[in-house]
Undergrad: 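Please read through the structure below; I'll follow up with questions.
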Amino acid sequence: MAVTIQDIRVICTAPEGINLVVVKVETSEPGLYGLGCATFAYRHLAVKLVVEEYLKPLLVGRCAEDIEELWQLMHQNGYWRNGPIENNAISGVDMALWDIKGKMANMPVYQLFGGKCREGIPVYRHADGRDLEELCENIRRFQEMGITAIRCQCGGYGGEAYGQTPSTAPVGAKPGVYLDGRKYIRDTVKLFEGIRSRLGEEIQLIHDVHERIAPAEAVKLAKALEPFDLLFLEDPVPIERTEWLRDIRKNSSTPIAEGELFNHPVEWRTLITERLIDFIRVHISQIGGITPARKLQIFAEQFGVRTAWHGPGDMSPLAHAANIHIDLAAPNFGVQEWSGIEPPNFVIQELKGPHGALLEVFPGLPEFKDGYVYANDKPGLGVDLNEKEAEKYPCENTVTTWTQTRRRDGALQTP
Ligand code: MG
């Protein structure tokens with residue numbers, strides 16, 4: 001008898017102060033349920049509403065095994081397609097259905113993708129500091145943990161803290177995160193010179209532009225960073241300006257990773273077929289979950305483009321697990337961003353919290369050990385949700401300020 005969807009619930013929880021959205025799909029089979037990540041931290045109530053008011057009535061009573069059919073059904077049901085709210089809502093259900101599929105097969109999800117082509121997933125970590133000294137100290141600590149690829153930044157993505165309006169801004173300039181593009185480029189080049197001279201050639205270095213400068217400045221930066229042999233330069237241009245990747249390609253051999261903000265296949269298709277990027281780094285809940293991410297990974301493989309999925313703190317351990325399961329089975333896997341969820345004994349206290357609360361809410365999350373992350377071998381995604389613990393950490397709905405990034409003249413700049 002077919003296993004059908006009986007109920008769909010949304011659980012919002014913030015064990016580390018970041019709003020996480022989890023979707024739980026319950027089935028007609030007693031005890032058989034799936035969990036998925038629908039986290040859009042800055043619009044969590046909107047995603048919750050889409051799941052509860054639109055997807056649940058659409059899906060209850062349908063066969064839980066028909067993942068592709070249900071994905072297309074959710075995607076087309078509102079007539080207008082895509083966008084972060086819709087896609088994250090779909091992702092919550094999609095990941096939960098893959099979790100259910102794995103549990104039904106009694107296999108971890110990566111087995112459903114053809115099995116492992118590597119045993120552990122090499123991850124990169126983000127290091128910053130007030131100055132070169134502090135940054136290098138933080139990098140060394142990651143190296144001691146076995147991490148070989150580090151993303152480096154001085155301060156918070158090269159900008160001032162929110163509310164610190166510089167004296168160079170016009171009178172009456174609005175509060176924001178101020179960033180001077182030219183200064184940022186000078187400081188960044190100096191930073192990488194310093195890191196290479198102190199730490200040598202072996203370490204793999206990454207830098208995230210975070211779309212925070214003008215495209216012509218990004219061309220200049222990619223060229224200026226060439227001598228420092230980056231693993232990649234991350235998101236040098238905004239999603240709306242990806243034509244400029246052609247200019248970056250023409251002017252430098254610095255490898256490029258792009259895609260943290262992508263929503264839809266039309267946004268990455270040409271970048272991959274024309275080989276304008278080296279790494280695709282979408283946020284997989286943001287494109288609609290495991291189903292579209294697997295298709296993207298296989299598509300990118302045909303063109304020699306590698307994966308570097310987004311893996312920040314503002315996604316749940318379920319999404320980190322989904323990344324890892326896809327990575328394990330992907331011949332074109334490149335590197336995985338890891339936001340620092342180590343078992344407590346691995347933690348660098350000054351850099352990140354102890355993650356105890358997160359581990360209690362989400363038992364079974366993939367484990368970090370000596371530079372690699374490992375999925376557990378439980379059926380499905382291998383991550384559970386302790387709803388009683390989750391309740392202890394309610395989400396807060398506040399006005400987001402870090403996205404109010406401003407140029408030197410006070411005008412808003414993509415964050
Ligand atoms: Mg980034």
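Since we're looking at a predicted model, the values are computed, not measured. One-based numbering, in listed order, for ligands and for the atoms of each. Worth knowing before you read on, the calculation uses all heavy atoms, side chains too, and leaves out hydrogens, waters and symmetry mates.
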Undergrad: Hey, what's the ring geometry for Trp98 with Phe113, parallel, tilted or perpendicular (30° and 60° as the breaks)?
TA: perpendicular

Undergrad: At distances under 2.8 Å, what protein N, O or S atoms surround the Mg ion (ligand 1)?
TA: Asp208 OD2, Glu234 OE2, Glu260 OE1

Undergrad: Please report whether the ring centroid of Phe142 lies less than 6.0 Å from that of Trp338.
TA: no

Undergrad: Under the rule for side chain to side chain contact (heavy atoms under 4.5 Å, CB included), what residues qualify as partners of Pro175, not counting sequence neighbours?
TA: Tyr162

Undergrad: Quick one about Gln297 and Asn332 (side-chain donor to acceptor, distance below 3.5 Å, no hydrogens or angles considered), yes or no?
TA: yes

Undergrad: Compare every heavy atom of Leu318 with every heavy atom of Met95, then report the nearest pair and how far apart it is.
TA: SD-O, 4.3 Å

Undergrad: Crowded around Lys295 NZ? As in, over 12 foreign heavy atoms under 6.0 Å?
TA: yes

